[in-house]
Amino acid sequence: MTNVLLEKKGHIAVATINRPKALNALNSQVLEDIDQLVEQVKADDEIRALVITGSGEKAFVAGADIGEMSTLTKAEGEAFGKKGNDVFRKLETLPIPTIAAVNGFALGGGCELSMSCDIRLCADTAVFGQPEAGLGITPGFGGTQRLARLVGMGMAKQLIYTAKNIKADEALRIGLVNAVYPLEELMPAAEKMAETIAKNAPIAVRACKKAINDGMQVDIDRAVAIEEGLFGSCFETADQKEGMGAFLEKRKHEPYQNK
């Protein structure tokens, strides 16, 4: 991976999109590197939570690479959209929790990347937007779908139709981000949250993510059935026995073993 740096810190990992001269813009190579990142993290049983951020202090990801997109044909444009959607969908369905630490501009594909993560934390300098309509295209990496699911249809349509950017405080107000921090406090806060998640029973955390994600795509009757199955799957695990045993014995549980 030439455009994505991955650092393991115990049971968490931090991935950094690393094209600072291009404000970490997404081109085909960066998308391939993110795809490889997801595969690498998925194959590592030690990683229980992933933080994604951008290099430098200006941008998380400033968007997809306009230079690469500007000459695409209809067929090439659709293929590029599919490539981005496939990668972001793979990230969204990564079994472990993901946190986007948005350290600056998150525009277009950058906003879409952040929305593919489970939780979004941002710096007070962050700027979000889907500017595509001002460039003659639609959002292409899931923006029309995930933004509406996160902030509601009316607000999503306003942001997408106007192509206007919003600052961190407005992103917090509409529910696009979970919390806002001074820039220097962003990564410590994101890593602390990831570590808090990683200390919980990993099998249970993964089941929670799957229950929420899968349940949101179906009606409530099917959703609670999904929950029931995943709830049941946690029983008879060593971590469930230890967690409940410690509670009943009024002691601190031993570190969870992911089994």
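Fair warning: this is a prediction, and the values are worked out from it, not measured in the lab.
In K167, the NZ atom is not crowded: 12 or fewer heavy atoms of neighbouring residues, nucleotides or ligands sit closer than 6.0 Å. Around the CD atom of E76, the shell of radius 6.0 Å holds more than 12 heavy atoms that belong to other residues, nucleotides or ligands. With a 6.0 Å radius and a threshold of 12 heavy atoms from other residues, nucleotides or ligands, E236 has its CD atom at or below the threshold. Environment of CZ in F88: crowded, with over 12 heavy atoms of neighbouring residues, nucleotides or ligands closer than 6.0 Å. The neighbour count for K192 NZ, taken as heavy atoms of other residues, nucleotides or ligands under 6.0 Å away, does not exceed 12.
The two atoms that bring P202 and D239 nearest to each other are CD-OD2, 3.6 Å, heavy atoms only. Across all their heavy atoms, R48 and I96 have their closest contact at O-CB, 3.6 Å. Of all non-hydrogen atoms in C111 and F128, the two that sit nearest each other are SG-CD2, 4.3 Å. When all heavy atoms of K83 and E32 are compared, the closest pair comes out as NZ-OE2, 2.7 Å. In terms of heavy-atom proximity, G143 sits nearest to M115 at CA-CE, 4.0 Å. For the pair M187 and A101, the tightest heavy-atom approach, listed with the atom from each and the gap, is SD-CB, 3.6 Å.
Side-chain atoms of N3 and N18 include no donor-acceptor pair closer than 3.5 Å. A donor-acceptor pair shorter than 3.5 Å can be found between the side chains of D33 and Q29.
To the nearest 0.5 Å, atom CD1 of residue I226 and atom CD of residue Q217 are 9.0 Å apart. In this structure, T144 OG1 and Q130 CD are separated by 8.5 Å, a value rounded to the nearest 0.5 Å. To the nearest 0.5 Å, the span separating CD on Q36 from CG on L31 amounts to 13.0 Å. Within the model, atoms CZ of R173 and CG of D169 stand 9.0 Å from one another, a figure rounded to the nearest 0.5 Å. Here the CZ atom belonging to R120 is positioned 11.5 Å from the CD1 atom belonging to I52, to the nearest 0.5 angstrom. Atoms CD1 and OG1, from I160 and T138 in turn, are 8.5 Å apart once rounded to the nearest 0.5 Å.
Checked by atom type and distance alone, the side chain of D118 never pairs as donor or acceptor with a backbone atom of I99 at under 3.5 Å. A donor-acceptor pair is defined here as one N or O able to donate and one able to accept, closer than 3.5 Å; no such pair exists between the side chain of R251 and the backbone of F247. Without hydrogens or angle criteria, K209 side chain to L94 main chain gives a donor-acceptor distance under 3.5 Å. A side-chain donor-acceptor contact under 3.5 Å links E242 to the backbone of E254. With hydrogens and angles disregarded, no donor-acceptor distance shorter than 3.5 Å links the side chain of E170 to the backbone of I166. Distance alone, capped at 3.5 Å, is enough to place a donor-acceptor pair between the E68 side chain and the S28 backbone. A donor-acceptor distance shorter than 3.5 angstrom exists from the side chain of R19 to the backbone of A25, with no hydrogens or angles considered. At least one donor-acceptor pair under 3.5 Å links the side chain of Q257 to the backbone N or O of P255.
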Checklist line | R89 and E92: CA distance, side-chain angles, deciding distance, salt bridge (Lys or Arg N to Asp or Glu O under 4.0 Å) verdict | finding: CA-CA 5 Å; R89 185 70 179 133; E92 187 173 42; 2.8 Å; yes
Check: Between K210 and N213, is a side chain to side chain contact (heavy atoms under 4.5 Å, CB included) present by the stated rule, with each step listed?
Finding: CA-CA 5 Å; K210 185 169 178 58; N213 283 2; 6.0 Å; no
Item checked: Test side chain to side chain contact (heavy atoms under 4.5 Å, CB included) applied to N165 and L159, step by step -> CA-CA 8 Å; N165 298 339; L159 291 172; over 6 Å; no
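Looking only at side-chain heavy atoms (C-beta outward), L121 and V102 stay at 4.5 Å or farther from each other. Looking at L113 and L91, their side chains come closer than 4.5 Å, going by heavy atoms from C-beta outward. Side-chain contact check for V151 versus Q158: every heavy-atom pair is 4.5 Å or farther apart. Counting heavy atoms from C-beta on, the side chains of Q40 and L6 come closer than 4.5 Å.
V51 and I47 are assigned to two separate hydrophobic clusters, defined by single-linkage of ILVMFWY side chains at heavy-atom distances under 4.5 Å. Under a hydrophobic clustering in which Ile, Leu, Val, Met, Phe, Trp and Tyr are joined whenever their side-chain heavy atoms come within less than 4.5 Å, directly or via other members, Y256 and M193 fall into different clusters. Tracing side-chain contacts under 4.5 Å through hydrophobic residues (I, L, V, M, F, W, Y), one never reaches V87 starting from L5; they form parts of separate clusters. No single ILVMFWY cluster, assembled from side-chain heavy atoms under 4.5 Å apart, contains both V127 and L186. If you chain together hydrophobic residues whose side chains sit under 4.5 Å apart, I66 and F105 never meet in one group.
The aromatic rings of F235 and F231 stand perpendicular to each other, their planes meeting at an angle above 60°, with 30° marking the opposite boundary.
No salt bridge links K9 with E195; every basic N to acidic carboxylate O contact stays at or beyond 4.0 Å. Between K8 and E46 there is a salt bridge, since a side-chain N of the basic residue sits under 4.0 Å from a carboxylate O of the acidic one.
Aromatic rings of F141 and F80 (six-membered ring for Trp) have centroids within the 6.0 Å cut-off, being under it.
For Y161, the side chain to side chain contact (heavy atoms under 4.5 Å, CB included) criterion is met by K157, not counting sequence neighbours.
Checking N103, N24, T16 one by one against T53, the side chain to side chain donor-acceptor pair (under 3.5 Å) holds for a single residue, N103.
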